[in-house]
Amino acid sequence: MGKSFATLAFYPDKCDGCDECVKACALVHDDSGAFEHSRIQLAKDENKKFGLALCRQCSEPECVQNCPVGALSKDPETGVITCDDTCVGCKICTLSCSHAGITINELTGRVMKCDLCGGDPACVKVCDRNALKLLKNSDLFNAWGNVEDLVAPGISSCLGCNTELLFRHSLRKIGSNTVLAIPPGCTAGVGAVGVNGVTATKVPSFHPLLTNTASMLAGIKRYYNRIGRDITMMAFAGDGGTADVGFQSLSGAAERGEKMIYICIDNEGYMNTGVQRSSTTPYGAWTSTTPVGSALKGKTRDAKYLPIIMMMHNCEYVATASTAFMDDFYEKLDKAQEASKKGMAYLHVFSPCPTGWRFPPEKLIEVGRKAVESNIVPLWEYSNATKRLEFTHPVDDPIPITEYLFLIGKYKHLDASQLELIEEIRDRRIEMLDNISKS
């Protein structure tokens, strides 16, 4: 496995062109603070949106490979591309850079490269609109990338399946000392519970009914307790097997304080049996049982907000999560595993489905990210130890809900009145969570 590095991300919609980042960069690299010394430059396109000329620190940089004098090199430890004094200013590197991220200092006639300010970029610190961000997800990749994947390759999930992503990462983090319960749903359907005597998981996997996942895990846990073995019990259940017919056993296990990690993979419907609606399908969404036509425009009722219901069960730990924010999810898995030694830990993971929701597979992470950034899917956690609910990724200035909704085919039909109602539902939910967090 190769090494991954930190990088700077630029969000053009948040940029107002104030040039404070350019000034800060110039000042860091020369006491005069002249703009010519800045490693980054702002430009406006024909749509009056700002773009940032910035080195992306490519993994296999073309600029390094095409420098005729060998002045450019990539640091194998930090990933930062540097330019030394042998640069002759030929500008051949600029022709090979597809990101237009190489800056020429007009005072010296030489190439300049972003050096990330040693890991604490000045441009990020001065941007009060959060248009620049240092992404460190590479730390997670470097820390866990070499750990054994406990799910076999070649499982039969759909292209771009979020459930597979969630499944592999969760098992990698929780570890092999685990017993799984996987009721009927997408996770079982991809082969996780076995086909022809062969299972896709490298840990024991049981296949309960839709109705008894939590009670089955509770029984297995008590058996292991009796023989003196400390095993982590973990469920991967869809929203149907959790919020609908599986709820009675989940509620009972939570009330009894059974020691397990229960992960609800919420793809907002029965995706593997024909895309029918579930009780967590949001208002307005198209499904095969909430069609769009002259008489109906998608689901007429809002989703059951199960995480709050589980919080009221006095669980040891309850959290919402998204694979678009994997570092946040990994931290919550850690807390869930610790909490499961005392009682139930419940994770409700937002899981967009390219097949059932009708969006291209390559948009998976963008859909997940914009759901959070629009406050449609707030990320929070509750700990019974502190009796507090806290936002883990607070969004004070959410993007318009249409930026999320219109990425997805099941919402393409929404009219103005439906959009207004969805916005009201979102605002009420955020207000409720905010009030709880302050109580």
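Any value given below was found using the heavy atoms of this structure, including those in side chains, with hydrogens, waters and symmetry copies removed. Residue numbers start at 1 and run along the sequence shown.
Applying the side-chain contact (heavy atoms from CB on, under 4.5 Å) test to Ala100 and every residue at least two apart in sequence or in another chain returns nothing. Every ring pair (Phe, Tyr, Trp, His ring centres under 6.0 Å) that His393 has, sequence neighbours left out, goes to Phe325. Applying the side-chain hydrogen bond (donor to acceptor under 3.5 Å, both in side chains) rule to Thr289 yields the partners Thr287; only residues at least two apart in sequence or on another chain are considered. With sequence neighbours excluded, the residues that form a side-chain hydrogen bond (donor to acceptor under 3.5 Å, both in side chains) with Glu268 are Lys410. With sequence neighbours left out, the side-chain hydrogen bond (donor to acceptor under 3.5 Å, both in side chains) criterion links Thr323 to Asn162. Residues that satisfy the side-chain hydrogen bond (donor to acceptor under 3.5 Å, both in side chains) test with Thr392, not counting sequence neighbours, are Asp328, Lys332. Residues forming a ring pair (Phe, Tyr, Trp, His ring centres under 6.0 Å) with His169 (at least two apart in sequence, or on another chain): Tyr330. Partners of Tyr270 by ring pair (Phe, Tyr, Trp, His ring centres under 6.0 Å), not counting sequence neighbours: none found. Taking the ring pair (Phe, Tyr, Trp, His ring centres under 6.0 Å) definition, one finds that Trp357 meets it with Phe350, sequence neighbours left out.
A donor-acceptor pair is defined here as one N or O able to donate and one able to accept, closer than 3.5 Å; such a pair exists between the side chain of Thr242 and the backbone of Gly238. Remark: side-chain polar atoms of Lys74 are paired, donor with acceptor, to backbone N or O of Gly79 under 3.5 angstrom. Put simply, the side chain of Ser288 gets close to the backbone of Gly274: a donor and an acceptor are under 3.5 Å apart. Looking at Lys412, its side chain does come within 3.5 Å of a backbone N or O of Phe406 through a donor-acceptor pair. Within the 3.5 Å criterion, the main-chain N or O of Ser374 finds a donor-acceptor partner in the side chain of Arg426. The closest donor-acceptor contact from the side chain of Arg172 to the backbone of Trp144 lies under 3.5 Å. Between the side chain of Thr290 and the backbone N or O of Ala285 there is at least one donor-acceptor pair closer than 3.5 Å.
Pairing each heavy atom of Leu134 with each of Pro121, the nearest pair is CD2-CD, 3.8 Å. Heavy atoms only, all atoms of each residue included: Pro183 and Ala237 are closest at CG-CB, 3.6 Å. Here the closest non-hydrogen pair linking Tyr262 and Ala214 is CE1-CB, 4.3 Å. Ser32 and Asp30 get closest at one heavy-atom pair: OG-OD1, 2.5 Å. When every heavy atom of Cys117 is checked against every heavy atom of Ala122, the shortest pair comes out as SG-N, 3.5 Å.
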Evaluation steps, side chain to side chain donor-acceptor pair (under 3.5 Å), between Ser4 and Asn142: CA-CA 6 Å; Ser4 186; Asn142 292 330; 5.0 Å; no

Check against side chain to side chain donor-acceptor pair (under 3.5 Å), Lys387 and Asn384: CA-CA 5 Å; Lys387 308 290 184 190; Asn384 196 35; 2.7 Å; yes

Intermediate values then yes/no, side chain to side chain contact (heavy atoms under 4.5 Å, CB included), Tyr404 and Val367: CA-CA 6 Å; Tyr404 161 67; Val367 168; 3.8 Å; yes

In a table with atom names and distances, give each donor-acceptor pair under 3.5 Å that connects a side chain of residues 18-28 to protein atoms at least two apart or in another chain.
unit_1: Glu20; atom_1: OE2; unit_2: Lys23; atom_2: NZ; d: 3.3

Please output the side-chain donor-acceptor pairs of residues 295-303 that fall under 3.5 Å, not counting sequence neighbours, one pair per line with the distance.
unit_1: Lys297; atom_1: NZ; unit_2: Asp415; atom_2: OD2; d: 3.1
unit_1: Lys299; atom_1: NZ; unit_2: Ser278; atom_2: O; d: 3.3
unit_1: Lys299; atom_1: NZ; unit_2: Thr281; atom_2: O; d: 2.6

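A salt bridge links Glu164 with Arg168; the closest basic N to acidic carboxylate O contact falls under 4.0 Å.
Asn177 CG: more than 12 foreign heavy atoms inside a 6.0 Å radius.
Within the structure, every pair that satisfies the side chain to side chain donor-acceptor pair (under 3.5 Å) test and touches residues 103-123, not counting sequence neighbours, is listed here: His29-Asp115, His37-Asn105, Asp120-Lys125.
Phe329 does not carry Lys173 over the face of its six-membered ring by the limits of under 6.0 Å from the centre and within 45° of the normal.
Ile182 places a side-chain heavy atom less than 4.5 Å from the side chain of Phe167. Looking at Ser157 and Thr163, their side chains never come closer than 4.5 Å, going by heavy atoms from C-beta outward.
Between the side chains of Asp244 and Ser279, a donor-acceptor pair is found at a separation under 3.5 Å.
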